[in-house]
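Taking it in order: structure first as structure tokens, then the write-up.
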Amino acid sequence: MPHAALPHHPRRRFPLALMVAFLICPAVLVLAPARVSAQAPVQTKESIDWLRFDYPPMYIVAGPHAGQGYMDKILELLIAKMPAYDHQVRVANLSRIMSELEQGNNVCFASLFVNEERQRLGHVSRGKTTLLPPVQLVFRAEDGERFTAFGNPASLDSILADESLMLGVSDRMSYGIEIDQTVAAHQHQPNVFIARKNASRAISFR
């Protein structure tokens, strides 16, 4: 993923509520231009442009449970605690979100795996909101003997070394530092397919 040269932004003191979320954003706050009035000055609010994507149970953007994801609820709490700002919430896929961050657009995204490369894209909050279960290898019962041969716990490095198995993964997703590094070490193998348009949200084998 190419690195982005970010524009210079003056230091700001962010509200405490903003630091609760696990955020990555080139510039969290955008100062809206003020209109000059002959009668009375018009005060304008700074705005925060939030992005979310379809990733249940974190974000749910469609269906009967739309807006009920746990990150949807955390985002609602953050917005409620910051009435001094105008809040815009948009839905985009992860590829678009990462592109906006790379381009230095004034956007903010709550809950994202942060690695060394992503830390260069903007400001990352200290607080964390997302706890994920351990990564698990899921396979069909009839394939049990084939996959248990890779150990318990299974070795992802050994699995990827078996070129009879094909790996599909999205290049915009991060699965944690260790998994990202292991996949990167095998990315040029013929059995490793990296989708370039956010086509997959999970690692899958065939």
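Computed from a predicted structure; not experimentally measured.
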(request) Find out whether M173 and L94 are in side-chain contact, i.e. whether some heavy atom of one side chain is under 4.5 Å from a heavy atom of the other. (result) yes
(message) With clusters defined by side-chain heavy atoms of hydrophobic residues (ILVMFWY) lying less than 4.5 Å apart, directly or transitively, does V91 cluster with V107?
(response) no
(request) Give a yes or no on whether the backbone of M82 and the side-chain of H87 come within a donor-acceptor separation of less than 3.5 Å. (result) yes
(request) Kindly say whether the aromatic ring centers of F109 and F53 come within a distance under 6.0 Å. (result) yes
(message) Atom CD of residue position E142 - does it have more than 12 heavy atoms of other residues, nucleotides or ligands inside 6.0 Å?
(response) yes
(request) Could you check if a side-chain atom of M58 sits within less than 4.5 angstrom of a side-chain atom of Y70, using non-hydrogen atoms only? (result) yes
(message) Looking at D143 and R140, is any side-chain nitrogen of the basic one under 4.0 Å from a carboxylate oxygen of the acidic one?
(response) yes
(message) In the structure I gave you, are the side-chain heavy atoms of I79 and W50 within less than 4.5 Å of one another anywhere?
(response) yes
(message) Could you check whether N191 and H186, counting side-chain N and O atoms only, form a donor-acceptor pair closer than 3.5 Å?
(response) no
(request) Answer yes or no: is there a side-chain heavy-atom contact under 4.5 Å between V183 and Y175? (result) no
(message) Within the 4.5 Å heavy-atom criterion, are E100 and N106 side-chain neighbours or not?
(response) no
(message) Testing the basics here: between I48 and C108, what is the closest heavy-atom pair and its distance to 0.1 Å?
(response) CG2-CB, 4.2 Å
(message) If you apply the rule side-chain contact (heavy atoms from CB on, under 4.5 Å), what do you find for R146 with L165, and how did you get there?
(response) CA-CA 11 Å; R146 182 181 189 184; L165 293 170; 3.2 Å; yes
(message) Between V169 and Q187, is there a side-chain heavy-atom distance shorter than 4.5 Å?
(response) no
(message) Has D162 got a side-chain atom pairing as donor or acceptor with S164's backbone, closer than 3.5 angstrom?
(response) yes
(request) State, yes or no, whether a side-chain contact exists between Y59 and D54 at a heavy-atom distance under 4.5 Å. (result) no
(message) I'd like to know if the side chain of Q189 and the backbone of L160 have a donor-acceptor N/O pair within less than 3.5 Å.
(response) yes
(message) Please check: side-chain N/O of D72 versus main-chain N/O of I60, any donor-acceptor pairing under 3.5 Å?
(response) yes
(request) Ignoring hydrogens and angles, tell me if any N or O in the side chain of D180 forms a donor-acceptor pair with the backbone of S174 under 3.5 Å. (result) no
(request) Starting at CD1 of I159, measure out to CG of L167 and round the result to the nearest 0.5 Å. (result) 9.5 Å
(request) Check whether any side-chain N or O of K45 sits under 3.5 Å from a backbone N or O of P83 as a donor-acceptor pair, and report yes or no. (result) yes
(message) Could you check whether E102 pairs with R120 (Lys NZ or Arg NE/NH1/NH2 to Asp/Glu carboxylate O, under 4.0 Å)?
(response) no
(message) Please find the pair of heavy atoms, one from S170 and one from I194, that lie closest to each other, and give the distance.
(response) C-CG2, 4.4 Å
(message) How close do E76 and G67 get, counting heavy atoms only, and between which atoms?
(response) OE2-O, 4.1 Å
(request) Flag the pair M71 / I74 as yes when at least one side-chain heavy-atom distance between them is below 4.5 Å, and no otherwise. (result) yes
(message) Please evaluate residues L121 and M98 with respect to the criterion side-chain contact (heavy atoms from CB on, under 4.5 Å), reporting the C-alpha separation (whole Å), side-chain torsions for both, the decisive distance (0.1 Å), and the verdict.
(response) CA-CA 9 Å; L121 298 179; M98 295 307 300; 3.7 Å; yes
